[in-house]
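For reference, the structure discussed in these notes is given below.
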Amino acid sequence: MTIPPDLDFARPGGTPTVRRAAALCLVLLVALLVNAARVQVFQADRLDDNPANRRQVLARYAEPRGDILVEGEPVTGSKDTGQLLRYERTYTDGPLYAPVTGYASQTYGTTLVENAEDAILSGTSPRLSPLPLWNDISRTRRPGSHVATTVKAALQQAAYRGLAGRRGAVVALEPSSGRVLALVSSPSYDPGVLSGTGSEAATAWARLNTAPGRPMLNRALRQTYPPGSAFKIVTAAAALDAGVVTDVDAPTGTPDPYLLPGTRTVLPNEATGCGDASLAYAIRWSCNTVMARIGVQVGLDRMLKTVRRFGFNDPGLRIPSRAVRSNFDTAMTADQLALSAIGQYDTTATPLQMAMVAAAVANGGELAHPYLVESATTAAGSLIGQTPRRTYAQAMKPSTARQLRDLMVDVVERGSGSNASIEGAEVGGKTGTAQHGVGNLGTPYAWFIGWARGAEASRPAVAVAVVVEDASARREDISGGGSAAPVARSVMEAALAEDRR
């Protein structure tokens, strides 16, 4: 039988018709491969993030989440619900540690350490992959890993008990390293009530968001307050660094009361004996007039350089949870600068920021960058990484820090901060009662910042900042020495006990 030439497939090269069919098949195959690559590689993230795609959500909760640790012990957990979203977050001592952990909710997302370290805790971090890009190629999820915090349980408990449900916050730092030893915001809440997806979580969310005490507001990191007289330590640092004050015991020539520059407004003092007082006396008894005049003498440019070295006006401060920006205005008239120098006008600060001020003084002028996460480990216990110690800034000269340490010790031993004294320890501090509201008629905020060093220790064990905004107290009963200093003392005592171990 004779095969027609156009159907002879065995003939080398075939006919044009066959070659065209083969070429078309090849084009279709390449197009198929290109489309598959487009979908699986280039559009993978968009498809993963599509709300209609439940695969990623199901995978996220298919395995237990890694734990957040305090001194090696988990303060979080996971429970098997048997539901489609299988594992739900649980919390041990939820209200105590909520300002540290935040929440991990199947409905409302994550906050604080649960958010900042989500990739580690959920097992999606590239740092957990055996090979680069392995997770992207294999589309697999590693077991959730653990995050160890720097928090000390005894200090956290002391701060929480000290606030006793009053509105306020406490931050304690290790001055030499920047470790966050305590981070408390009050009133607090149990993050476990938000973990699930049902009506109970929705009811809890609505209740917490409308509660008058705003329990989900992290006052330690996300709320700023006028720092009042506690800010005078920053002004004193600027004056000593700039040489505006060379002798802390010399009279300053400041009248009492002090007429704000360019105005007819008179600035008074709560304390007595502030007329022509020295810097030492002004810090000891919190003379507004002296510190306001010194701030004007330092000038805006030099004040700005100093406040920035302490951390003010930094919008990017993270520990790794984000802290809101503490403010010192960059453009002011002389009278506004005078008020800013005593922690009023538009000057505002987080408790974290004011703890950084105390820590810089305690650490010889060098401010260590604060951090809350010590390390991360795999579920099997292998170290993934550690947070290194970093210098944030040289906030002031070492000689200035030495003088300020002496002045702060004087505040506790002979001045307004006597409620913070601890027998057998060196304690330095500064009280503050910040006015606010229209006409300064709002309930004042009570501040105390300070540090403590054990009798046999070579360096301070802790620096602390406490703010109390107790609206239920009588206005005349609120002061940094009366409301905030006792809380600080209990935290410092716990730190000294830990340091002696």
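- Heavy atoms only, all atoms of each residue included: Leu496 and Gly454 are closest at CD2-N, 3.4 Å.
- Proximity of a side-chain donor or acceptor of Thr210 to a complementary backbone N or O of Arg207 within less than 3.5 Å is detected.
- Contact check for Thr149 versus Val75: no side-chain heavy atoms found under the 4.5 Å cut-off.
- Distance alone, capped at 3.5 Å, places no donor-acceptor pair between the Gln223 side chain and the Leu217 backbone.
- Proximity of a side-chain donor or acceptor of Asp256 to a complementary backbone N or O of Gly273 within less than 3.5 Å is not detected.
- Classified by interplanar angle (parallel below 30°, tilted 30° to 60°, perpendicular above 60°), the ring pair Tyr103/Tyr189 is perpendicular.
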Quiz item: Under the side-chain contact (heavy atoms from CB on, under 4.5 Å) criterion, do Asp241 and Arg309 qualify, and how do the steps go?
Solution: CA-CA 12 Å; Asp241 267 3; Arg309 289 196 295 264; 3.7 Å; yes
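- The line from NZ of Lys430 to OG of Ser229 is 4.5 Å long, rounded to the nearest 0.5 Å.
- Of all heavy-atom pairs between Ser177 and Tyr371, the closest is O-CE2, 3.4 Å.
- In this structure, Arg453 contributes its side chain and Pro460 its backbone to no donor-acceptor pair below 3.5 Å.
- Without hydrogens or angle criteria, Arg308 side chain to Lys305 main chain gives no donor-acceptor distance under 3.5 Å.
- Annotation: Phe312 is not in aromatic contact with Phe328 [ring centroid separation under 6.0 Å not met].
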Practice problem: Evaluate side-chain contact (heavy atoms from CB on, under 4.5 Å) for Phe231 paired with Met291, printing each intermediate quantity in order. | Solution: CA-CA 10 Å; Phe231 185 81; Met291 300 309 300; over 6 Å; no
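- Side-chain atoms of Thr433 and Glu270, non-hydrogen and from C-beta on, never get closer than 4.5 Å to each other.
- Interatomic distance, Leu221 CG to Leu372 CG, rounded to the nearest 0.5 Å: 8.0 Å.
- Of the possible polar contacts, none joining the Ser326 side chain to the Ala349 backbone as a donor-acceptor pair under 3.5 Å is found.
- Between Ile283 and Asp410 there is no side-chain heavy-atom pair separated by less than 4.5 Å.
- Remark: the backbone N or O of Ile342 is not paired with any side-chain donor or acceptor of Asn288 at under 3.5 angstrom.
- Arg65 has a carboxylate O that lies under 4.0 Å from a charged side-chain N of Asp118, or vice versa, which qualifies the two as a salt bridge.
- Of the N and O atoms on the side chains of Thr431 and Ser416, at least one donor lies less than 3.5 Å from an acceptor on the other residue.
- Listed here is the closest heavy atom pair of Phe448 and Gly429: CZ-CA, 3.5 Å.
- The two residues Leu112 and Pro99 come nearest to each other via the heavy atoms CD1-O, 3.4 Å.
- For the pair Val307 and Thr347, the minimum side-chain heavy-atom distance is 4.5 Å or more.
- Residues Met356 and Pro370 are in side-chain contact: their nearest non-hydrogen atoms beyond the backbone lie under 4.5 Å apart.
- Minimum interatomic distance between Glu71 and Val151 (heavy atoms only, all atoms of both residues): CG-O, 3.7 Å.
- Between the CZ atom in Phe310 and the CE atom in Met396 there is a gap of 3.5 Å [rounded to 0.5 Å].
- Atom CG of residue Asp329 and atom OG1 of residue Thr348 lie 8.5 Å apart, to the nearest 0.5 angstrom.
- Under a 3.5 Å cut-off, the side chain of Thr110 and the backbone N or O of Ala104 do not form any donor-acceptor pair.
- Expressed to the nearest 0.5 Å, how far OG of Ser176 lies from CD of Glu366 amounts to 9.0 Å.
- Taking CG from Asp346 and CD from Gln336, the interatomic distance works out to 7.5 Å, rounded to the nearest 0.5 Å.
- Thr350 has its side chain out of reach of Arg222: every pair of non-hydrogen atoms, C-beta onward, lies at least 4.5 Å apart.
- Heavy-atom minimum distance, Ala220 versus Pro351: O-CD, 3.6 Å.
- The environment of Arg390 atom CZ is sparse: at most 12 non-hydrogen atoms of other residues, nucleotides or ligands sit within 6.0 angstrom.
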Self-check item: Working for salt bridge (charged side-chain N to carboxylate O under 4.0 Å, His left out), residues Arg89 and Asp67
Solution: CA-CA 9 Å; Arg89 195 56 147 170; Asp67 284 324; 3.5 Å; yes
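- The shortest distance between side-chain heavy atoms of Arg219 and Pro187 falls below 4.5 Å.
- Counting only distance, with no hydrogens or angles, the side chain of Lys232 and the backbone of Ser286 share a donor-acceptor pair below 3.5 Å.
- In this structure, the side chains of Leu407 and Val411 stay at 4.5 Å or more apart for every pair of heavy atoms.
- Distance alone, capped at 3.5 Å, is enough to place a donor-acceptor pair between the Asp276 side chain and the Gly253 backbone.
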Exercise. Walk me through it: do Leu181 and Val491 pass the test side-chain contact (heavy atoms from CB on, under 4.5 Å)?
Key: CA-CA 10 Å; Leu181 304 179; Val491 175; over 6 Å; no
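- Under a cut-off of 6.0 angstrom, the local environment of CZ in Arg214 is sparse, with at most 12 non-hydrogen atoms contributed by other residues, nucleotides or ligands.
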Exercise. May I have the step-by-step check of side-chain contact (heavy atoms from CB on, under 4.5 Å) for Thr92 and Glu73, ending in yes or no?
Key: CA-CA 10 Å; Thr92 303; Glu73 296 296 322; over 6 Å; no
